[in-house]
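Labels below follow one simple rule: chain letters A, B, ... track the order of the sequence lines, proteins then strands, and each chain is numbered from 1.
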Amino acid sequence: MGSIVTLGPADAGKTHRLDTGECLLGRRLDCDVCIPDQRISRRHARIRKEGEGYALEDLGSCNGTFVNGRRIQGSARLRHGDEVEIGASRFRIDLSDEMVAQAENPAVRITQDVTEHTLHMIEVAHLGLTPSLPPPGAPKPVPKALDAQRLERKLQAMYRISETVAGTLDASALLERVCGILLEVFPQAVAVAAVTVEPRTKQLRTQASRRRAGRDTPAPGPMDISQQVVDRVLRQGHSVLLRATEMDHDALGLDTPAGPLDTLVIKNPLPMPRADGSLPTKAEGAVGWRMGAPLIVRGEHMGILHVDADAVLGYFTQDDLDLFQALAGQAAVALHLIGMHQRLLARDRLDYDLQLARQIQRNLLPRNPPRIAGVDFAVHYEPAFHVGGDFYDFLWLDPQRLAMVVGDVSGKAISGALFMARVTSEIRFAAPVESHPRRIIQRVNRALAEVAEDGMFVTMAFLSLDLTQQILRFSNAGHTTPALLRGGKVTPLEYPSARCLPVGVEARVEVAEAQVKLIPGDVLVLYTDGIIEARSMKGEFYGVPRLHSVLEKCGGGTARKVLEAVLADVDRFVEDAPQADDQTVVCLAISETSGKRFDTMVPTGP
Amino acid sequence: MLKHDISERGAVTLVRLDEENLDALTVPDARPLVERLVERGGIKVVLDLTAVRIIDSSGVAIIVSLFKRLRALGGALRVAGVTGQPREIFSMLRLDQVLPMFADADEALKGF
């Protein structure tokens, strides 16, 4: 429900709730908001409930009514935060605590039918103790002999609830069962409902409701839960026991509680039994007894449980309220656990998606290096996260020339992976057309410079190996420098004009090619910056010098041996420091003077 | 937002980053800064990276993004004070081919 807050000049901060449907503003003493100002008409304006919201109507005032600085004609719909001005007085409309959402389930209706004045309640602070003080005027004190029976009933109820909640992982099903148990535990109850709060929208949603069958009550219409109960229970986290009547509220003085919050405040006498001992009927104005308890765990308000007693037969006592609150507490914990479980499930699903993305990405990369007589390969590819931005590929430019590329996309995770997919497909498209590393780089660059959003770029070392002559040609677009290990010494494959900007930065790049003749025993090592930028526990970088020195220490051998030497040294260096970037190493070792493609060649036809 | 300091030097906007690491962790905080700079249209910007000790590919990407967008809007970007690891990265990437680099902010402001 909304309220109108006085901003000044007088009474600043004074708040009038807009519960009752109509709020009159004016100079007259009987106005709901009375402003003693000569510029204000006696009956100046009126705020009325209109549908789900409120409307402000000028009642023909002399000096007008203003909303957000504009004079209204007739009436205007109010929104949260609107500033209303009449005379010199200003007010703010506060609808922030609107929780008027209609329950979706028509079995439960949240109503405004009970006004604050007709709620007479026994309040028990949420965490406070609940003294077993019998309400004054209770029909008859419970005999001592019944204590054991009551205790047993409590224990049984608690046991039933814990048994129920243990086996349920669905919020609605859980609350359905809780409703069932509540009907069993409280024989005087005729209807129960569980309403939860949607955390994001604050909308109330009926999760479950039950009505006791077999009573000769009129056809059950929607069950009413009063807004006041919802407000009080939800916002203050209190359980409430209340009796709503329309006939006796004038007789009751509503005292402000004087004691600390966790004292029991009894604001109403119990319904007076009539001469024959029965309680007032609904027809006589008794709406009935109700209990509301919060579903709250660690300050998280998840909803409310609500029980209606039979208007004729039943009433609730402090004992019932204690038990009800304890049961609600159990249900709340279970609900909380279900929420956690569902969040875990959602995370698992995301994990599963990422696993899938990882598989798809792996399929974009060659499963096995090519098989070539006289040349052997070894590949290590390790994304830091599920999906990576590193990539490598082997492409045949023609039957004698193999192209190799190792690259790194600037983004990480999903964006990087998507861009990488694009890059690898551009390369596969460009390679057979252009057939030279520098031309392939230029073509891929042209394609990507237009689409590379937000500074995304890709570095790549592109090499081609002529198997018959063992000539390696290379161009490098901003990538790490490949290392050539020959006779126990490392030569960086670096040539100034054969290096250019990463792909995707500029639409035009100029780059040359350099070449080197390979001899048996040569090992070529391509890698990404995840290797040289691997960090130790102390935060130091692995670095190119250390890579070169481990290669020289290893001296040479098969591609696999060299690769293992590098990885083992990187592992030693980083110890337990987390891997921050993808790591890719591709090794190639030359064992014979000329290589020959092993695998199937597609016959080109007659 | 990334810790930084903006001052107007005539027609040039000088942006001094006050952050040692420009990497995947801090780059998200740098995006609003880039948005703010490009919002102002074709302007000349000097990006002073003296404080930056470590940069990774995400850090380079945000600078490349700023460079491309400023240029597309008729502006220009110069960087100043790139030393150590960032310098190595910049030259490995050959970014000095497109991005004018200067020893310090004063040098970069001269004749811009």
Side-chain angles (χ1 to χ4, degrees), chain A residues 384-385 388-390 407-413 415-416 419 441 449-461 475-481 492 494 496-511 528-530 532-535 539-541 543-545 580-582, chain B residues 2 20-39 45 47 49 52-73 75-77 79 82-101:
Chain A
F385 307 104
D390 278 10
D408 182 2
V409 167
S410 63
K412 293 252 187 325
S415 60
F419 194 51
I441 285 179
E450 294 162 21
V451 299
E453 289 287 318
D454 211 12
M456 271 201 157
F457 60 83
V458 50
T459 68
M460 60 175 87
S475 294
N476 193 332
H479 198 70
T480 54
T481 306
E494 187 64 72
S497 63
R499 179 174 272 282
C500 65
L501 280 169
V503 164
V505 177
E506 283 273 54
R508 285 182 60 84
V509 288
E510 284 308 320
V511 63
T528 55
D529 57 5
I532 53 173
E533 285 171 18
R535 299 248 213 152
E540 299 151 330
F541 287 113
V544 176
D581 199 359
D582 309 335
Chain B
L2 202 68
E20 280 198 12
N21 296 300
L22 195 59
D23 56 20
L25 288 180
T26 56
V27 157
D29 299 335
R31 291 200 186 279
L33 176 61
V34 169
E35 296 303 325
R36 235 175 76 192
L37 289 171
V38 286
E39 247 172 35
V45 175
L47 188 61
L49 299 176
V52 177
R53 297 264 165 272
I54 304 286
I55 194 166
D56 76 350
S57 64
S58 340
V60 175
I62 193 94
I63 293 170
V64 168
S65 155
L66 179 63
F67 160 71
K68 285 172 86 171
R69 293 173 69 180
L70 282 176
R71 194 180 52 179
L73 297 165
L77 176 69
V79 289
V82 184
T83 55
Q85 187 262 359
R87 176 102 221 169
E88 281 171 34
I89 293 276
F90 273 61
S91 52
M92 186 181 84
L93 295 175
R94 283 288 190 272
L95 278 178
D96 39 0
Q97 283 183 359
V98 288
L99 211 53
M101 309 231 281

Next item on the list: Go through the structure and list residues passing salt bridge (charged side-chain N to carboxylate O under 4.0 Å, His left out) with A/E540, not counting sequence neighbours.
Entry: none
Note to self: Tell me every residue that passes salt bridge (charged side-chain N to carboxylate O under 4.0 Å, His left out) with A/E533, counting only those two or more places apart in sequence or in another chain.
What the structure shows: none
Check: Using a cut-off of under 4.5 Å for heavy-atom pairs, which of B/I54, B/D96, B/L66 has the most such pairs with chain A?
Finding: B/I54
Item checked: Under 4.5 Å from a heavy atom of chain A, the part of B/V27 involved -> neither
Checklist line | Test: B/R71 and A/E506 ion pair at under 4.0 Å | finding: yes
Item checked: Flag for A/D390-A/T528: side-chain donor and acceptor within less than 3.5 Å -> yes
Checklist line | Top contributor to chain B contacts, counting heavy-atom pairs under 4.5 Å, from A/D529, A/T481, A/T480 | finding: A/T480
Note to self: Please classify the contact of B/E88 with chain A as side chain, backbone, both or neither, using a heavy-atom distance under 4.5 Å.
What the structure shows: neither
